[in-house]
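Worksheet: the structure to be examined is printed underneath.
Just so it is clear, the model here is predicted, and its values are computed rather than measured.
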Number of protein chains: 4
Amino acid sequence: MTPRATATESARPRVEGEREAEILEAAVDLLLEHGYDRLTMDAVALRAKASKATLYRRWSSKASLVVDAVHRSKKSADPQDVDTGSLRGDLIAAFCGPTGMTERDSTLLLAAVITALHTDEEFACMFRERFLKPKIEMNQRIYARAMERGELASDCDLEILGPALPGILMHRAFILGQPVTQDVVERVLDTIILPAATGVRK
Amino acid sequence: MTPRATATESARPRVEGEREAEILEAAVDLLLEHGYDRLTMDAVALRAKASKATLYRRWSSKASLVVDAVHRSKKSADPQDVDTGSLRGDLIAAFCGPTGMTERDSTLLLAAVITALHTDEEFACMFRERFLKPKIEMNQRIYARAMERGELASDCDLEILGPALPGILMHRAFILGQPVTQDVVERVLDTIILPAATGVRK
Amino acid sequence: MTPRATATESARPRVEGEREAEILEAAVDLLLEHGYDRLTMDAVALRAKASKATLYRRWSSKASLVVDAVHRSKKSADPQDVDTGSLRGDLIAAFCGPTGMTERDSTLLLAAVITALHTDEEFACMFRERFLKPKIEMNQRIYARAMERGELASDCDLEILGPALPGILMHRAFILGQPVTQDVVERVLDTIILPAATGVRK
Amino acid sequence: MTPRATATESARPRVEGEREAEILEAAVDLLLEHGYDRLTMDAVALRAKASKATLYRRWSSKASLVVDAVHRSKKSADPQDVDTGSLRGDLIAAFCGPTGMTERDSTLLLAAVITALHTDEEFACMFRERFLKPKIEMNQRIYARAMERGELASDCDLEILGPALPGILMHRAFILGQPVTQDVVERVLDTIILPAATGVRK
DNA sequence: CAATAAACGAGACGGTACGTCGAGTCTTCCT
DNA sequence: AGGAAGACTCGACGTACCGTCTCGTTTATTG
């Protein structure tokens with residue numbers, strides 16, 4: 001729950017956070033192998049050669065550890081905010097890149113965290129603050145640039161439009177259980193997002 | 001202990017479906033009270049005055065029972081397919097009605113089932129067949145009527161457009177943790193769905 | 001903690017206590033192999049093919065289970081109360097017989113229970129009532145017979161004399177760590193118990 | 001943090017033994033408060049304001065520390081070897097004095113050490129050498145004086161007789177859980193020890 | 001008097017066992 | 001025959017304690 005500083009505050013030569021990274025990596029691996037429900041703290045401890053006591057010293061619960069693990073995983077990092085010059089290009093770059101939703105691993109990790117969401121409200125808040133917020137902000141930046149370029153209708157409701165693409169894609173992946181390919185992303189963009197964004201409505 | 005069947009059908013003492021409904025009702029109540037993770041089979045058995053053996057005789061797992069319970073619950077029944085004469089009216093009727101996503105209970109039950117989805121792939125298939133398919137079909141009927149009325153662009157990608165509204169709303173409810181009110185539904189409709197549906201894009 | 005009746009009360013055909021005996025036997029075996037401290041509940045569960053939940057359903061703690069196990073073990077049953085016609089003969093029969101203190105296993109089990117004694121006062125009471133009392137009573141019977149035969153001084157303080165022999169032998173075994181052989185028992189008898197019992201003191 | 005050493009020995013700043021005494025005293029206190037099983041090394045470290053590393057630098061285990069603590073405690077020091085002029089007087093002085101077995105604290109500490117005895121055979125040897133041997137030797141001295149005075153039968157088996165009194169008293173205290181008062185000591189003496197010692201048996 | 005090395009307090013760590021809880025199975029009795 | 005009751009196995013949970021270890025600081029001796 002409370003990661004220590006990786007930074008070198010004053011005269012602290014030791015890189016404390018390294019151990020933590022190892023543990024979280026073990027957790028991510030097991031998560032991808034077995035899914036959230038089948039992941040056990042004992043298994044994480046075993047693979048990371050840590051003791052359960054250590055895990056619980058830092059994370060208050062399995063759910064908490066999992067969120068942290070997913071959060072820190074390279075496989076679920078924020079998609080790159082590449083400025084391609086168009087809204088369509090930016091969104092494709094963000095959602096189809098190596099950390100985007102078309103990657104199977106990213107989706108699996110996200111699924112794990114969504115399951116964990118429902119175990120604890122306090123935990124859900126933390127997740128939204130630490131995991132979701134950066135993604136949402138990056139998303140808003142993409143739309144802000146599009147707005148500046150004049151691609152968006154001036155009265156566009158960004159609070160609604162911003163989460164639309166991830167919402168539709170997650171629904172397809174988690175609820176419908178269908179794959180999220182670049183083709184699907186493009187169809188969603190061309191069918192829904194871009195028409196809505198350009199706001200050509202009589 | 002006490003004969004509970006009304007035994008209406010001629011001389012058949014076994015009223016199979018009725019007992020099942022009682023059990024599922026108990027499950028729904030507990031689901032709304034505690035959520036999926038905190039729901040125990042023992043609690044369901046206790047409240048329904050059934051034995052766990054009976055539960056497992058009819059449902060292969062907790063997840064299975066929960067899906068069934070949610071499926072049969074009045075609170076999560078398919079939204080009424082009211083023909084209001086317009087796509088906007090039909091969708092508002094479907095998603096803001098007494099069984100729509102603006103009802104808190106409906107959302108809670110849906111959340112439970114989503115959690116259950118991740119425990120078993122075989123189970124997820126069943127869920128999609130029995131629970132999701134009817135909803136999707138009804139949704140498609142609404143869009144089909146709109147198409148007949150000429151409200152939709154002729155080349156409209158219904159496979160993508162159909163799930164868009166529930167996807168966006170679920171994302172808002174489950175991932176962002178924000179309420180789904182009629183106002184929100186209307187904003188999604190006016191900002192995204194209808195512009196995309198009418199397909200005014202050159 | 002609460003053994004069920006092995007007896008056939010009314011119409012209960014099943015011999016419920018049989019399973020319990022298996023578990024306790026496993027515990028006794030492990031006790032003799034590893035001693036009290038190294039004995040784990042998991043090991044008992046494993047060997048008895050029982051679950052820890054079952055163990056804790058019947059016994060409130062490891063200490064409690066161990067006492068029960070020792071109590072029921074044939075290896076620590078009450079020594080036979082053989083009437084040999086003399087106090088010396090009776091005591092040798094009792095303390096050097098197959099269940100007497102000269103048997104290594106009996107002593108090991110006793111040691112285990114003595115350790116367990118110190119974990120819980122409530123538990124210690126139970127132990128004294130169920131485990132110790134029968135042994136003490138048998139011991140008193142031996143002295144009572146000797147009294148009838150006129151072997152004991154009439155004013156003999158049986159409350160003190162009775163526990164003297166086991167006390168001296170336990171001290172030798174547990175505190176001094178020296179073996180308790182038949183020779184030792186006889187020396188204690190001839191040096192201490194019998195002189196005191198016959199009470200020839202001027 | 002605060003210099004605690006009195007540094008009396010010439011120029012040796014490190015006053016080893018004094019710190020040790022503080023730690024052992026803390027251990028004794030906690031032992032009397034909670035008993036051996038409930039005593040934790042962390043608690044000792046905390047109360048003595050020492051670190052666990054320090055404890056383990058000097059004592060190889062909890063058992064080892066406890067024996068040392070009991071050994072050094074004033075409350076369990078060897079009973080004074082007062083020459084009262086009679087065996088009866090000497091034994092009463094030794095066992096009923098301020099460090100005798102009639103003191104509740106002495107008995108509690110002894111109980112702790114007996115429990116510790118069963119954790120490690122190597123440790124038990126050490127205990128017998130350092131803790132028990134002096135007591136036994138003192139006991140033997142008492143009997144030796146009695147022998148010189150002609151109070152004992154010349155063929156008296158001192159190896160058996162010597163440990164008899166403590167054995168009987170410990171059994172009463174630890175196994176039977178009954179108090180050891182001066183009255184009890186005198187009854188044991190008059191009923192058992194003295195008749196045996198004076199050896200009036202034809 | 002400053003530099004060095006030993007011993008220390010603090011407390012995280014790996015490991016092991018604890019006692020609890022829930023899922024899913026199985027047995028018994030009752031209707 | 002089938003259901004209620006509930007004990008059972010399995011396995012994960014989160015906690016506690018032991019004994020080890022590393023860290024940075026204090027202390028005493030040395031240069």
TODO: Quick one: closest heavy-atom pair of D:Ala48 and D:Arg19, and the distance?
DONE: O-NH2, 2.7 Å
Open item on the list: Can you tell me which nucleotide in F:dT9, F:dC18, F:dG14 comes closest to the side chain of D:Thr40?
Closed with: F:dC18
Open item on the list: In this structure, how many angstroms lie between the C1' atom of E:dG22 and the CG atom of B:Leu46, rounded?
Closed with: 15 Å
Task: Option passing side chain to side chain contact (heavy atoms under 4.5 Å, CB included) with B:Phe127 (candidates B:Leu117, B:Ile114, B:Val66) - done: B:Leu117
Open item on the list: Any base atoms under 4.0 Å from B:Leu65, or only sugar-phosphate, or nothing? Heavy atoms, all strands.
Closed with: nothing
TODO: Considering just the side-chain nitrogens and oxygens of B:Tyr56, establish if one lies under 4.0 Å of OP1 or OP2 belonging to E:dG24.
DONE: yes
Open item on the list: Just the rounded figure in Å: distance from C1' of F:dC18 to CZ of D:Arg57.
Closed with: 16 Å
- [ ] Rounded off to whole Å, could you give me the CG-to-P distance for the B:Asp42 and F:dA7 pair?
- [x] 11 Å
- [ ] Compare every heavy atom of D:Lys62 with every heavy atom of D:Leu39, then report the nearest pair and how far apart it is.
- [x] O-NZ, 2.8 Å
Open item on the list: Using a 4.0 Å heavy-atom cut-off, does C:Ala53 contact any base of the nucleic acid, only the sugar-phosphate backbone, or nothing at all?
Closed with: base
TODO: Would you indicate what B:Ser61 reaches in the nucleic acid, counting non-hydrogen atoms under 4.0 angstrom: base, sugar-phosphate, or nothing?
DONE: sugar-phosphate
Task: Partners passing ring pair (Phe, Tyr, Trp, His ring centres under 6.0 Å) against A:Phe123 (at least two apart in sequence or in another chain) - done: none
- [ ] Examine E:dG14: is either OP1 or OP2 under 4.0 Å from a nitrogen or oxygen in the side chain of A:Arg19? Give yes or no.
- [x] yes
Task: Upstream residue (5' side of DNA chain E) when D:Thr54 and B:Met41 are each assigned their closest nucleotide - done: D:Thr54
Task: D:Ala45 vs C:Leu39, nearer the 5' end of DNA chain E by closest nucleotide - done: D:Ala45
Open item on the list: Between the base of E:dG9 and the side chain of D:Lys49, is there a donor and acceptor pair under 3.5 angstrom?
Closed with: no
Open item on the list: Ignoring hydrogens and geometry beyond distance, is the side chain of D:Lys52 in donor-acceptor contact with the base of F:dG19 at under 3.5 Å?
Closed with: yes
